Amino acid sequence: MNRVSFYLFRQILLSVLFSCLAITIVIWFSQSIKLLALVINNGGTLWSFLKLMILILPTFLPLVLPLSLMVGALFVYHRMIMESELVVMQASGMGPMALTTPALYVGMVIALIGYALSTYIAPIANHELVRLQYQIRDDHSVLLLRTGSFNDIKEGLTFYARERGPEGQMLGILIHDTRKPEKPVTIMSESGELLHGPHGPQVLVKNGVRQDVDPKTGILSQLTFNSYMVDLGALDDNFSTRWREPRERMMNELINPDPTDTPPSAVTQFLAEFHMRLTMPFLAITFVLISCMFILTGSFDRRGITVKIVLAATTVIILEATMLSVVNMITKHIWFVIGLYLIALAPIPICLHQLMSDKIPKPTPLQKTVEG
């Protein structure tokens with residue numbers, strides 16, 4: 001790589017980093033509202049929110065990186081056209097393909113990063129993200145520490161504490177348990193404290209009454225106690241029993257799914273996810289070639305450069321939107337998988353042929369004036 005090519009490579013790479021950072025901040029901000037609501041509504045901590053924000057980053061970067069490359073390449077080449085740098089490079093004998101090569105190298109680097117993200121890092125991040133979301137929702141100890149409000153810890157289990165005492169104990173406790181509909185239980189006590197037992201949270205209530213009603217006879221049974229342990233460890237572990245989505249699974253799990261953990265309807269979802277991860281990184285190379293084909297072929301007319309940029313951006317957006325639509329259609333018709341590879345790969349030879357066959361354009365009258 002000569003000095004001119006290295007200069008172009010460095011300029012495009014820096015522009016891609018800045019554009020990626022800008023797009024990432026916008027997406028982070030839009031997602032942070034939903035994540036912040038999750039943390040606040042479930043009594044999570046600031047550290048939990050920060051971990052969610054970090055984990056969500058690898059989940060959308062494979063889509064952001066190709067777009068950032070397109071934006072970065074168009075910005076750099078547009079600036080060089082406006083400052084007549086590309087006119088000088090063409091005068092030295094560099095054709096459209098030679099000017100495209102540094103951007104293509106950046107595209108290859110972005111594609112490799114995209115493969116690392118989509119095939120390994122993103123599935124791990126997605127799984128950990130879901131796990132942390134379940135952990136925040138199921139943190140019953142946080143709910144039990146809220147005073148002055150009725151907390152639905154689980155369907156059929158409600159907890160209330162009027163206030164907190166000077167030594168940290170809870171005062172004025174009410175627990176209503178209808179997890180066994182045939183025998184609902186209500187516990188009222190003067191005070192209590194939260195304990196962590198071997199099977200989950202427990203509440204030790206003191207000086208209270210336990211009431212239950214026999215639904216058959218309607219007879220009320222009442223038990224007065226000095227201390228009573230309410231075990232909440234029987235709450236379902238929703239995360240460990242849930243079905244893992246395709247985005248949380250590694251590549252080998254998608255192509256060779258476990259029959260005991262894969263319903264027939266999920267096979268096409270696995271195939272769609274597998275082929276999307278294989279083709280999505282190629283968009284970096286496709287998008288940069290499309291951008292260069294539009295902006296570097298033909299004459300460098302400043303008055304028409306805006307039209308070229310709009311056409312390049314529109315083509316890229318249509319391709320990515322079409323690709324995401326095809327991914328959804330694969331779950332209904334498996335043969336749509338061919339469309340993924342056509343969208344990701346077919347533009348590459350077309351753009352290369354156009355760039356290599358395009359001759360170095362003669363300077364326009366405006367360029368002659370600038371050079372003079």
Side-chain angles (χ1 to χ4, degrees), residues 16 20 23-24 27 55-73 103-130 243-259 261-293 315-352:
V16 169
C20 182
I23 297 174
T24 299
I27 297 177
L55 288 171
I56 202 174
L57 180 61
T59 64
F60 62 77
L61 268 184
L63 287 172
V64 170
L65 285 174
L67 291 175
S68 302
L69 179 59
M70 180 266 296
V71 173
L104 190 57
Y105 287 154
V106 178
M108 292 178 181
V109 173
I110 298 298
L112 291 176
I113 296 174
Y115 267 114
L117 286 169
S118 61
T119 60
Y120 184 74
I121 300 175
I124 296 175
N126 271 313
H127 182 70
E128 185 64 19
L129 179 66
V130 176
W243 183 75
R244 288 187 299 138
E245 298 180 9
R247 63 191 177 95
E248 302 174 56
R249 298 175 183 261
M250 304 301 288
M251 296 292 283
N252 61 323
E253 295 180 90
L254 296 176
I255 198 65
N256 293 311
D258 183 1
D261 187 39
T262 308
S265 59
V267 174
T268 54
Q269 297 180 30
F270 286 1
L271 288 175
E273 180 72 18
F274 177 82
H275 291 288
M276 185 186 71
R277 293 185 194 177
L278 285 181
T279 55
M280 189 66 70
F282 271 107
L283 291 181
I285 298 175
T286 301
F287 287 178
V288 76
L289 286 176
I290 290 174
S291 303
C292 292
M293 181 189 69
T315 303
V316 165
I317 292 173
I318 291 175
L319 282 178
E320 182 147 12
T322 305
M323 191 170 190
L324 295 177
S325 300
V326 170
V327 171
N328 294 328
M329 288 187 286
I330 292 176
T331 58
K332 299 178 181 179
H333 305 284
I334 190 60
W335 56 269
F336 269 106
V337 72
I338 301 173
L340 284 180
Y341 291 91
L342 287 176
I343 294 171
L345 302 177
I348 294 178
I350 297 174
C351 294
L352 289 175

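Not measured: the values here are computed from a predicted model. For this chain, numbers begin at 1 and follow the sequence in order.
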With a cut-off of 6.0 Å (strictly less than), are more than 12 heavy atoms of other residues, nucleotides or ligands near CD1 of Ile338?
no

Kindly compute the distance separating CD1 (Ile330) from CG (Leu340), expressed to the nearest 0.5 Å.
4.0 Å

Just verifying a value: how many Å separate Asn126 CG and Arg247 CZ, rounded to the nearest 0.5 Å?
4.5 Å

Taking the side chain from Thr286 and the backbone from Ala344, do they hold a donor-acceptor pair closer than 3.5 Å?
yes

Listed once per pair and sorted, the side chain to side chain donor-acceptor pair (under 3.5 Å) pairs that draw on residues 334-349, sequence neighbours left out
His275-Tyr341

What is the distance from atom CE of Met293 to atom CD1 of Ile350, rounded to the nearest 0.5 Å?
8.0 Å

Is there a side-chain contact between Val337 and Leu271, using heavy atoms and a 4.5 Å cut-off?
no

Please tell me if the side chains of Leu283 and Leu319 come closer than 4.5 Å, counting only heavy atoms from C-beta onward.
no

Any donor-acceptor N/O pair, Arg244 side chain to Arg249 backbone, under 3.5 Å
no

Could you report the tightest heavy-atom contact between Pro347 and Leu342, atom names first, then the distance?
CD-O, 3.6 Å

Do Tyr120 and Ile124 come within less than 4.5 Å of each other through their side chains, counting heavy atoms only?
yes

Look up atom CD1 in Ile285 and atom CD1 in Ile290, then write down how far apart they are to the nearest 0.5 Å.
12.0 Å

Nearest heavy-atom pair of Ala284 and Gly107: which atoms, and what distance?
CB-O, 3.7 Å

Taking atom CZ of Phe282 as the centre, does the number of heavy atoms from other residues, nucleotides or ligands within less than 6.0 Å exceed 12?
no

For a quick test of reading the model, state the closest non-hydrogen atom pair linking Leu55 to Pro58 and the distance between them.
O-CD, 3.1 Å

Under a 4.5 Å cut-off applied to non-hydrogen side-chain atoms, are Phe287 and Val316 in contact?
yes

Nearest-0.5 Å distance that lies between atom OG1 in Thr268 and atom CZ in Phe336:
13.0 Å

Does Arg277 reach the side chain of Pro123, with side-chain heavy atoms less than 4.5 Å apart?
yes

Kindly list each side-chain donor-acceptor pair under 3.5 angstrom involving residues 320-329, sequence neighbours excluded, with atom names and distances?
from, atom 1, to, atom 2, distance (Å)
Thr322, OG1, Ile318, O, 2.6
Ser325, OG, Ala321, O, 3.0
Asn328, ND2, Leu324, O, 3.4

Straight-line distance of Leu117 CG to Met280 CE, nearest 0.5 Å
12.0 Å

Taking the side chain as C-beta and beyond, is there a heavy-atom pair between Cys292 and Cys351 under 4.5 Å?
no

Test side-chain contact (heavy atoms from CB on, under 4.5 Å) on Cys20 and Val71; report intermediate values, then the result.
CA-CA 9 Å; Cys20 182; Val71 173; over 6 Å; no

